[in-house]
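A, B, ... follow the sequence lines: proteins, then strands. Residue 1 opens every chain. Only a predicted model underlies this, so the values are computations on that prediction, with no experimental measurement involved.
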4 protein chains.
Amino acid sequence: MPAPDPTRRSARARQAILAATRELLSEVGFARLTIEAIAARAGVGKQTIYRWWPSKGAVVFDALLDGNVDPEGNSALPDTGEIERDLRTVLRAIVEELSDPQTDHLQRTITAEIQHDPALADELVVRLLRPQMRATADRLRVAQGAGQIGPDVEVDLGVELLFGPLFHRWLLRTAPLDAAYADRIVSHAMAGLRPRDG
Amino acid sequence: MPAPDPTRRSARARQAILAATRELLSEVGFARLTIEAIAARAGVGKQTIYRWWPSKGAVVFDALLDGNVDPEGNSALPDTGEIERDLRTVLRAIVEELSDPQTDHLQRTITAEIQHDPALADELVVRLLRPQMRATADRLRVAQGAGQIGPDVEVDLGVELLFGPLFHRWLLRTAPLDAAYADRIVSHAMAGLRPRDG
Amino acid sequence: MPAPDPTRRSARARQAILAATRELLSEVGFARLTIEAIAARAGVGKQTIYRWWPSKGAVVFDALLDGNVDPEGNSALPDTGEIERDLRTVLRAIVEELSDPQTDHLQRTITAEIQHDPALADELVVRLLRPQMRATADRLRVAQGAGQIGPDVEVDLGVELLFGPLFHRWLLRTAPLDAAYADRIVSHAMAGLRPRDG
Amino acid sequence: MPAPDPTRRSARARQAILAATRELLSEVGFARLTIEAIAARAGVGKQTIYRWWPSKGAVVFDALLDGNVDPEGNSALPDTGEIERDLRTVLRAIVEELSDPQTDHLQRTITAEIQHDPALADELVVRLLRPQMRATADRLRVAQGAGQIGPDVEVDLGVELLFGPLFHRWLLRTAPLDAAYADRIVSHAMAGLRPRDG
DNA sequence: GGCTAAGCGAGACGGTACGTCTTGTCTTTAG
DNA sequence: CTAAAGACAAGACGTACCGTCTCGCTTAGCC
């Protein structure tokens, strides 16, 4: 198993594979997505896929992140000065995103996949979830400095209090998501985050 | 395609299939679980499986729920009179359960599966999640009656405020679970659920 | 590897495979004949081929022998009473046969194949060569009884004296075959087989 | 496709390739011999092989002939004055050679290969078979001059009468070879070649 | 003695076929 | 007359090689 030389990797092939993967994923879904089909659609030999990715999940993962993650991780939240309004905006945006069948499908695929692939999970956390959560935490800290959040609140946990219910409902499909639900989460979470004598 | 007559279904075959599925699932995992292997292990013809279940996921699902869900749904929460203590107990119990590799594995398998199988999701919600959430909501309502929860709190959302962060962390693998984390969730959630003037 | 049950073998599949093999063999030749193509042409799963034949060579071999070997081995030579004339007829017939590109090709394929597959060689000898050589030996013995062949001649070796030069030239391609060459072989061989004092 | 310049050909690479081919041939046989393996074993790029040889068969052929064919073709037969004894010596030598598994294997490989590669066949005939047969024919002509062979015998055909049975048996595997068989061929062939009145 | 055009080792590439595995259907056989 | 056993058509798996194609790097001649 002589590791391949990354400097000789064909950018053309890589892009074709990721594009084909995205197309096929939305056409047939993850379960019926095959390496053979990706290779055929991309006009690429199967070995070229196996050479650079360890599994179907990894290809899909790269296909999703490729291009649509800003490499600087500059995912700052809006700051209108009013924390509750800004959080509403963020959660509504997530609901909006997940209402798009395409995005819904891709995100579910990845989430399903990481259940049995911890390495993939790590990558997702590092490249996507952590930056997003950190940005939210940063915004909360600003609000805390402005006295809109209690001084004893652990902002990291605050972030989970906001995102948790949303994803719980979405992943376990206990009920549909909508903007009103996003607002209600913010209201209830803020009730616990606000200074005691708000 | 004459639909099979359920009254003639062999209980012996059914149990053998579900047992074999459970065994194989913990031996090789979901991805490498095959219908052929289940049939062979169960001493059953493949057709007998295809006759009664539409997919591998459905068999696994039945295998998991078979027997270990009390048919009465009598999943009442503890009630010591002190809501925060009781919630801590519940969340710690969930953390405990998910710390068992066996349970962790099975639950993840099902969760991954329902991402692309809404019918399965419905069944999971109806048979497992809804009862559990309802029981928690009931306990919250009792606390609300006792003045430990604010009168304007929507208890259903309160339940999600508690479970959400836990499952967010577990399913997206953003950080490991432990009892202390369960306690911190309860603390922060209760800060928002408690009546305003304590 | 539970050996398959020959009693359940599909006659339809077998015939389709052998027919497809014959067709493809004459279309693309042995080297470019693939199991996949045979399966596709025959409308058969690849596994059905692998289940019953150990190698491409074995399939081809069966394809060639299937049907065109009389099961009784009743391959008697002509007997006009004049041995030299009859032998000429036989050798000319062989030359004729090998002049047909189709036959030439098939025979060369098998001959090449048996060079590295002794089991195949055995089968060829038993089912094709031995009967043919025995028939010729029988004819020689009749001639010996009639005094046209020396009483001390080993007829089995006589057969090889006749066939040997022909196949030597054909297999090693030292020179082309024609009817005149067949006649010359018979003449020279007969010079050694005839009774000493004619 | 600018034809490569033979004057710049690397002798080192050529020898390494032929040596690697010989080694691999006796290790895995012709069918499982690959260009990639030859290149790897020889420490050579694949292109260097493709640049100078058109096919695997051609490389193997060169590997076999390289060095072990005397360029002068001085393959004269022994001449004790007694033709039958000398022929016995020659045929026994061939049997001896083919009894060595190594030689047997290499010769069969080439013979199989020429069945579907006429160009290779030509080269084999010109470089190996023709010289050998001509040498034998020359020896027969000498015997003919000495009156040990009939004046009307075509010596070229006589050669085939001797070699034919031997190779027929060897290539078609109708029976094993041994020295006694070589002697019997010579006896019977000589019966036809000797002058009529001994 | 430096330039430049080859041959060279290396190995990624688009492909084809391999032999295996699993799917879901259909057929045969034994209880 | 049911259900196990298992052969079947289909097709994806991951691997092995094919023959072609860049890459830098020697290594010659030719200026």
Checklist line | Heavy-atom donor-acceptor pair, D:T109 side chain to D:H105 backbone, under 3.5 Å | finding: yes
Check: Which atom names give the shortest non-hydrogen contact between B:I35 and B:I49, and what distance separates them?
Finding: O-CD1, 4.0 Å
Next item on the list: Pull out every residue in residues 9-18 of chain C that has a heavy atom closer than 4.0 Å to any atom of DNA chain F, ordered by number, or say none.
Entry: C:R9, C:S10, C:R12
Next item on the list: Given salt bridge (Lys or Arg N to Asp or Glu O under 4.0 Å), test C:R173 with D:D122 step by step and report yes or no.
Entry: CA-CA 8 Å; C:R173 296 175 179 272; D:D122 273 2; over 6 Å; no
Notebook entry, point to check: Would you call A:E123 and A:L65 a side-chain contact if the rule is heavy atoms closer than 4.5 Å?
Noted result: no
Note to self: Can you list, in residue-number order, the parts of residues 23-36 of chain D that come under 4.0 Å of DNA chain E, counting heavy atoms only?
What the structure shows: none
Check: What's the shortest heavy-atom distance between C:Q115 and D:A112, and which atoms?
Finding: CG-CB, 3.9 Å
Notebook entry, point to check: Do you know which two heavy atoms are closest between C:R12 and C:A42, and how far apart they sit?
Noted result: NH2-O, 4.4 Å
Checklist line | For the student: nearest non-hydrogen atoms of A:W52 and A:D5, plus distance | finding: CH2-O, 3.5 Å
Checklist line | Close side-chain approach of A:E113 to A:F30, heavy-atom, < 4.5 Å | finding: yes
Note to self: Assess whether a salt bridge exists between A:D62 and A:R127, defined as any Lys/Arg side-chain N lying under 4.0 Å from an Asp/Glu carboxylate O.
What the structure shows: yes
Next item on the list: Can you run down the salt bridge (charged side-chain N to carboxylate O under 4.0 Å, His left out) pairs that involve residues 44-53 of chain A, sequence neighbours left out, and say none if there aren't any?
Entry: A:E36-A:K46
Checklist line | Separation of atom CG in A:D5 from atom P in F:dT22, rounded to whole Å | finding: 17 Å
Check: protein-nucleotides 29-31 of chain F nitrogen or oxygen pairs below 3.5 Å:
none

Item checked: Counterpart residues, side chain to side chain donor-acceptor pair (under 3.5 Å), relative to A:D104 (two or more places apart) -> A:R108, A:W170
Checklist line | Min side-chain heavy-atom separation A:F61-A:K56 under 4.5 Å | finding: no
Note to self: Contact list please: residues 38-56 of chain A against DNA chain F, heavy atoms, distance less than 4.0 Å, in numerical order.
What the structure shows: A:K46, A:Q47, A:Y50
